[in-house]
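Report on one structure; see the data block that follows.
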Amino acid sequence: MTFPYVVRRGDTIHRVARRYGMNVTALYGANPHLKERSYLYPGQVVHIPVRTTSRYVIQAGDTLWDLALRFNISLAELQAANPDADPRRLRIGQSIVLPVSNGLTIVETDVEYGYAELLDDLDRLLDTYPFLEMIVVGQSVLGKDIPAVRIGTGPREVHYNGAFHANEWITSLLLMKFIEDYAAAYAGRKPLRNRAMTELYEQTSLWVVPMVNPDGVELVQQGVTPGHPYYEELLRWNYDSQQFSRWKANIRGVDLNDQFPAHWEAERDRREVPGPGPRDYAGPAPLSEPEAQAMEAFTRAHSFRLVMAFHTQGREIYWNYRGQEPPEAEEAARRLAKASGYRAVKLTGSDAGYKDWFIQEFGRLGFTIEAGIGINPLPIEQFPQMYDEAIGIMLEGLKL
């Protein structure tokens, strides 16, 4: 038995499944035709399987957070199962759904992760852990805020970022899960992977930009419809294909990790990509794109001891740039490799990347981390192993 659901703007298969507390397989089972097309479109009708769920009647003093704690349900799952319930105005006698839960966590790691999930999770993390700080470092081409999160109060500043490339959105999930695990360990005065987080919190200020390229991530996950401001251009740049899973660039077809003034002309000439497209177009000039401008300004506003740009894939760590890296860079890369099982690689023939510019401009430690292995976008099923490896790098980076 099913009931109809009319797709809204911004919906994806994963978001609809999450909203109704089910896995994607169950949703495909009720809608086998959905496998023929990668994306949902507004106005499309999707059939939602009716599930047996528990319900709870709101009592005086109840809040969604209290109920999440009481029933061991994540706040995200509880809100997704009750989209019409105003968490600030629960009514006594109101009936809400208690979904089958994965446990009391905020950042879910078994579903596709996009900009909407990022914003939701940031709101919940800030509510749960008030010692976290969030700022906006800039906006994307389409005007989306690019958030940065700070955890720690120490004088040593460190920076991690993810999703420079659109179809590498899983790097945002790696970083967000690390923020949650770090915050939970600090709040509970517990170690994280045998590391004393209270000590690291007081020594280091970690700034994380989880999603540098939100427009591109949405394009990969949602596709494009005629109402999109770049609809015709995107189809042309994507060789008239409606499938955007291989798209790395921002919404203007510029590869953001080829945008920095570190021998930019050499990278442009090496790529030989004449104009906008899914990947490798360096743009009309260095820092032509607002996302790259935001990252450049944000970096200059701080005194980062080191930076890490998380990408996929290859299970490799790139640590050098044209001999301008500091003397301790190779040994630091070996430590990161030992903490993760990745391979430290001395890279040549690559310019204009964020870590290249950072090393050239400041002469400090800069790393590109190529997490996971396979073909981008990496499947979400690979996340547990990826995180188990990447968390070692993230923790070690706080001590370098």
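Values below: all heavy atoms of this structure, side chains included; hydrogens, waters and symmetry mates excluded.
- Hydrophobic clustering (side-chain heavy atoms under 4.5 Å, transitive across Ile, Leu, Val, Met, Phe, Trp, Tyr) groups W247 together with V141.
- The two atoms that bring T204 and R156 nearest to each other are OG1-NH1, 3.0 Å, heavy atoms only.
- Put simply, OG1 on T368 and CG on N257 are 6.5 Å apart, with the number rounded to the nearest 0.5 Å.
- Atom OH of Y239 is surrounded by 12 or fewer heavy atoms from other residues, nucleotides or ligands within 6.0 Å.
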Scan the side chains in residues 226-238 for donor-acceptor partners under 3.5 Å anywhere in the protein, sequence neighbours excluded, and list what turns up.
from: H228; atom 1: ND1; to: Y230; atom 2: N; distance (Å): 3.0
from: N238; atom 1: ND2; to: S241; atom 2: O; distance (Å): 2.9
from: N238; atom 1: ND2; to: Q243; atom 2: O; distance (Å): 2.9

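- Ring planes of F131 and Y129: tilted class, angle from 30 to 60°.
- For the 3.5 Å distance criterion, the side chains of Q79 and R124 qualify, holding a donor opposite an acceptor.
- Between R315 and E389 there is a salt bridge, since at least one side-chain N of the basic residue sits less than 4.0 Å from a carboxylate O of the acidic one.
- Counting only distance, with no hydrogens or angles, the side chain of Q360 and the backbone of P261 share a donor-acceptor pair below 3.5 Å.
- The two residues N320 and D356 have their closest heavy-atom pair at O-OD1, 4.4 Å.
- Transitive grouping of hydrophobic side chains (ILVMFWY, heavy atoms separated by less than 4.5 Å) brings Y39 and V224 into a common cluster.
- Remark: E265 does not engage R268 in a salt bridge, criterion side-chain N to carboxylate O under 4.0 Å.
- Side chains of T12 and L40 form no contact here, defined as non-hydrogen atoms less than 4.5 Å apart.
- Remark: the Q259 side chain and the S288 side chain contain an N/O donor-acceptor pair separated by less than 3.5 Å.
- Only one option out of Y318, F310, F298, F260 pairs with Y354 in a ring pair (Phe, Tyr, Trp, His ring centres under 6.0 Å); it is F260.
- In plain terms, the two heavy atoms of A262 and D351 that are nearest each other are O-CB, 3.4 Å.
- A heavy-atom distance below 4.5 Å is not found between the side chains of L142 and E218.
- Taking every heavy atom of both residues into account, V137 and A294 meet most closely at O-CB, 3.5 Å.
- With hydrogens and angles left out, the side-chain atoms of N376 and Q313 include no donor and acceptor closer than 3.5 Å.
- Its side chain outside the 4.5 Å cluster rule for every partner, Y41 clusters with none of the Ile, Leu, Val, Met, Phe, Trp and Tyr residues.
- Ion pairing between a basic and an acidic side chain is recognised when a charged N comes within 4.0 Å of a carboxylate O; E396 and K338 show no such pairing.
- Considering only heavy atoms from C-beta on, T171 stays 4.5 Å or farther from N161 through its side chain.
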Worked verdict on E112 versus I13 for side-chain contact (heavy atoms from CB on, under 4.5 Å):
CA-CA 9 Å; E112 188 176 76; I13 293 286; over 6 Å; no
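- Counting only heavy atoms from C-beta outward, the side chains of I48 and L27 approach each other to under 4.5 Å.
- Other members of a hydrophobic cluster containing I373 are absent, since no ILVMFWY side chain comes under 4.5 Å of it, directly or through relayed contacts.
- Judged by distance alone, the side chain of N82 and the main-chain N or O of L78 form a donor-acceptor pair under 3.5 Å.
- The closest side-chain heavy-atom distance from V254 to P276 is not below 4.5 Å.
- Linking Ile, Leu, Val, Met, Phe, Trp and Tyr whenever their side-chain heavy atoms come within less than 4.5 Å puts V217 and M386 in one cluster.
- For N213 (side chain) and A249 (main-chain N/O), a donor-acceptor pair under 3.5 Å exists by modelled atom type.
- A salt bridge does not link E331 with R335: every distance from a Lys NZ or Arg NE/NH1/NH2 to an Asp or Glu carboxylate oxygen is 4.0 Å or more.
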Audit row: F362, T299, side-chain contact (heavy atoms from CB on, under 4.5 Å) steps and yes/no
CA-CA 10 Å; F362 300 101; T299 304; 4.0 Å; yes
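- The minimum heavy-atom distance between E289 and P284, with the atom names listed, is OE2-CD, 4.5 Å.
- To the nearest 0.5 Å, atom CG of residue N250 and atom CG of residue L256 are 4.5 Å apart.
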One pair to check against side-chain contact (heavy atoms from CB on, under 4.5 Å): F383 and L173. What are the steps and the verdict?
CA-CA 9 Å; F383 182 84; L173 185 55; 3.5 Å; yes
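- Ion pair K144/D215 flagged as a salt bridge, since at least one NZ, NE, NH1 or NH2 atom sits closer than 4.0 Å to an Asp/Glu carboxylate oxygen.
- No donor-acceptor pair closer than 3.5 Å links the side chain of R150 to the backbone N or O of S205.
- The number of heavy-atom neighbours closer than 6.0 Å to CZ of R364, taken from other residues, nucleotides and ligands shown, is above 12.
- Taking the side chain as every heavy atom from C-beta outward, P326 and L365 approach each other to under 4.5 Å.
- Using a 4.0 Å cut-off between charged nitrogen and carboxylate oxygen, R15 and E117 count as a salt-bridge pair.
- The side-chain heavy atoms of Q94 and I96, taken from C-beta on, include a pair separated by under 4.5 Å.
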Which is it for D181 and Y387 under the side chain to side chain donor-acceptor pair (under 3.5 Å) test, yes or no, and what are the steps along the way?
CA-CA 11 Å; D181 286 352; Y387 185 66; 2.6 Å; yes
Report the C-alpha separation of H302 and H159 in whole Å, then their side-chain angles, then the decisive distance to 0.1 Å, and conclude whether the ring pair (Phe, Tyr, Trp, His ring centres under 6.0 Å) test is met.
CA-CA 9 Å; H302 296 269; H159 167 55; 8.4 Å; no
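- One distance of note links CD of E180 with OG1 of T109; it measures 9.0 Å at 0.5 Å rounding.
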Would you tabulate the side-chain donor-acceptor contacts of residues 84-91 under 3.5 Å, counting partners in other chains and residues two or more places apart, or write 'none'?
from: D86; atom 1: OD1; to: R88; atom 2: N; distance (Å): 3.0

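- Sparse packing is recorded around CD1 of I375, with 12 or fewer heavy atoms of other residues, nucleotides or ligands lying under 6.0 Å away.
- Note: Y160 and F178 have tilted aromatic rings, judged against thresholds of 30 and 60 degrees for the angle between ring planes.
- Two different hydrophobic clusters hold Y5 and V111 under the rule that ILVMFWY side chains link at heavy-atom gaps under 4.5 Å.
- Two residues are said to be in side-chain contact when any heavy atoms from C-beta on lie closer than 4.5 Å; N167 and R279 fail this criterion.
- Counting only distance, with no hydrogens or angles, the side chain of Q221 and the backbone of L219 share no donor-acceptor pair below 3.5 Å.
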Walk me through it: do L118 and M176 pass the test side-chain contact (heavy atoms from CB on, under 4.5 Å)?
CA-CA 8 Å; L118 173 75; M176 288 295 290; 3.6 Å; yes
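- Of the candidates V209, V136, I135, I146 forms a side chain to side chain contact (heavy atoms under 4.5 Å, CB included) with just one, namely V209.
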Residues 182-193 side chain polar contacts: donor-acceptor under 3.5 Å, at least two apart:
from: Y182; atom 1: OH; to: Y201; atom 2: N; distance (Å): 3.3
from: R189; atom 1: NH1; to: Y186; atom 2: O; distance (Å): 2.6
from: R193; atom 1: NH1; to: D388; atom 2: OD1; distance (Å): 3.1
from: R193; atom 1: NH2; to: D388; atom 2: OD1; distance (Å): 3.4

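- Pairing each heavy atom of A371 with each of L174, the nearest pair is CB-CD1, 4.0 Å.
- Under a cut-off of 6.0 angstrom, the local environment of CZ in R322 is crowded, with over 12 non-hydrogen atoms contributed by other residues, nucleotides or ligands.
- Under 4.0 Å is where a charged nitrogen must lie from a carboxylate oxygen, and between D280 and R271 at least one such pair does.
- Residue Y321 belongs to a hydrophobic cluster whose other members are I359, with links defined by side-chain heavy atoms closer than 4.5 Å.
- With E316 contributing its side chain and I369 its backbone, the two residues share no donor-acceptor pair below 3.5 Å.
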